**Q** 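First, the structure itself, so that you have it in front of you.
Just so it is clear, the model here is predicted, and its values are computed rather than measured. The first residue of the sequence shown is numbered 1, and numbering continues consecutively from there. Note: hydrogens, waters and symmetry copies are ignored here, and every other heavy atom, side chains too, is used.
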Amino acid sequence: RKTTELDASDVEPIARGQVRREDEAAAAATDLAIRDTDLVSTVVYSHHYYGFCPDWVEQAARARLGDLYVLLHPDVPWVADGLQRDRPQERAQIHALFRRRLESFGAAVVDITGTWQARTDTAIAAIVELQRRRADGQAADAGAK
């Protein structure tokens, strides 16, 4: 873990570590892997902080898209999580950057707004619907064979 401020030279090591952790999570998952972050985050923050992102990272982010993105609007009060976070006052701007990047990658996105309970309920419903569609697709595939 780096103890000094991150800089542009950290983008590729961060991306390689993210790929490794994603692969480990996917290998361990029996049905569903939920990620708090993925390479899309690396792309967004690299562009935001450094004005660029290595091509391979963007290509890998697009190729490794999750099946569903739960995008949380900054419409609830910011809560410190104990990690060093900068610019909490720019949450709306960062949210818009994520929205645009996910759209440009063609990702499936569910917008989450409202109270903490409403957010939880909406996220769970979206995941249940994704699993239902997967099961329906597998049943249709099995019936076609």
**Q** For residues 68-77, which residue pairs qualify under salt bridge (Lys or Arg N to Asp or Glu O under 4.0 Å), counting only residues two or more places apart or in two chains?
**A** Asp75-Arg119

**Q** How long is the straight-line distance from CG of Leu72 back to OG1 of Thr113, given to the nearest 0.5 Å?
**A**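 CG of Leu72 is found 10.0 Å from OG1 of Thr113.
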
**Q** For residues Tyr69 and Asp38, is any side-chain donor paired with an opposing acceptor at under 3.5 Å?
**A** yes

**Q** Write down the atom of Trp116, the atom of Pro77, and the distance for their closest heavy-atom approach.
**A** CZ2-O, 4.1 Å

**Q** Between the side chains of Gln59 and Asp55, is a donor N or O closer than 3.5 angstrom to an acceptor N or O?
**A**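 The answer is no; no qualifying pair exists.
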
**Q** Would a 4.5 Å heavy-atom cut-off, applied to side chains only, mark Gln131 and Asp31 as touching?
**A** yes

**Q** Can you hop from Ile14 to Leu65 via hydrophobic side chains spaced under 4.5 Å?
**A**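 Yes; tracing contacts between hydrophobic side chains, which count when under 4.5 Å, links both residues.
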
**Q** Determine yes or no for a side-chain-to-main-chain donor-acceptor pair under 3.5 angstrom, with Arg21 supplying the side chain and Gly17 the backbone.
**A**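 A pair under 3.5 Å: yes.
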
**Q** Can you tell if the side chain of Val128 reaches within under 4.5 Å of the side chain of Leu130, non-hydrogen atoms only?
**A**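 Val128 does not reach Leu130 side chain to side chain.
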
**Q** Applying a strict under-4.5 Å side-chain criterion to I, L, V, M, F, W and Y, I'd like to know whether Val44 and Leu71 cluster together.
**A**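 Linked within one cluster.
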
**Q** Which salt bridge (Lys or Arg N to Asp or Glu O under 4.0 Å) pairs, counting each pair once, include a residue from residues 64-74, with sequence neighbours left out?
**A** Glu22-Arg64, Asp23-Arg64, Asp67-Arg134

**Q** Looking at every heavy atom in both Cys53 and His47, which two are closest together, and how far apart are they?
**A**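 Heavy atoms of Cys53 and His47 come nearest at CB-NE2, 3.5 Å.
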
**Q** Between Glu90 and His48, does a side chain to side chain contact (heavy atoms under 4.5 Å, CB included) hold up when you go through it step by step?
**A** CA-CA 12 Å; Glu90 294 180 14; His48 178 68; 4.2 Å; yes

**Q** Heavy atoms, side chains only, cut-off 4.5 Å: are Ser46 and Val57 in contact?
**A**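 Side chain of Ser46 against side chain of Val57, heavy atoms only: no contact under 4.5 Å found.
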
**Q** Mind checking whether Tyr45 and Tyr49 have parallel, tilted or perpendicular rings, split at 30° and 60°?
**A** parallel

**Q** Between Gln18 (side chain) and Thr37 (backbone), is there a donor-acceptor pair under 3.5 Å?
**A** yes

**Q** May I ask you to test the Asp111-Thr122 pair for a side-chain heavy-atom distance under 4.5 Å?
**A** no

**Q** Nearest 0.5 Å, please: how far is OG in Ser41 from CD1 in Ile94?
**A**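 The CD1 atom of Ile94 sits 10.5 Å away from the OG atom of Ser41.
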
**Q** How many angstroms lie between CG in Leu39 and CZ in Arg16, if you round to the nearest 0.5 Å?
**A** 11.5 Å

**Q** Do you know the tightest heavy-atom contact between Asp10 and Leu6?
**A** OD2-CA, 3.2 Å

**Q** Can you tell if the side chain of His73 reaches within under 4.5 Å of the side chain of Arg91, non-hydrogen atoms only?
**A** no

**Q** Measure across Pro54 and Val11 and return the closest heavy-atom pair with its distance rounded to 0.1 Å.
**A**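 Taking Pro54 first and Val11 second, the nearest heavy atoms are CD-CG1, 3.7 Å.
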
**Q** Side-chain donor-acceptor contacts of residues 100-108 below 3.5 Å, not counting sequence neighbours, with atom names and distances?
**A**
unit_1 : atom_1 : unit_2 : atom_2 : d
Arg101 : NH1    : Glu58  : OE1    : 3.3
Glu103 : OE2    : Arg99  : NH1    : 3.3
Ser104 : OG     : Arg101 : O      : 2.8

**Q** Under a single-linkage definition using a 4.5 Å side-chain heavy-atom cutoff for Ile, Leu, Val, Met, Phe, Trp and Tyr, are Trp56 and Val43 assigned to the same hydrophobic cluster?
**A** yes

**Q** With clusters defined by side-chain heavy atoms of hydrophobic residues (ILVMFWY) lying less than 4.5 Å apart, directly or transitively, does Val109 cluster with Phe98?
**A**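 Yes, one cluster joins them.
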
**Q** Determine whether Val76 and Val110 fall in the same hydrophobic cluster, where Ile, Leu, Val, Met, Phe, Trp and Tyr are linked whenever their side-chain heavy atoms lie under 4.5 Å apart.
**A**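 No.
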
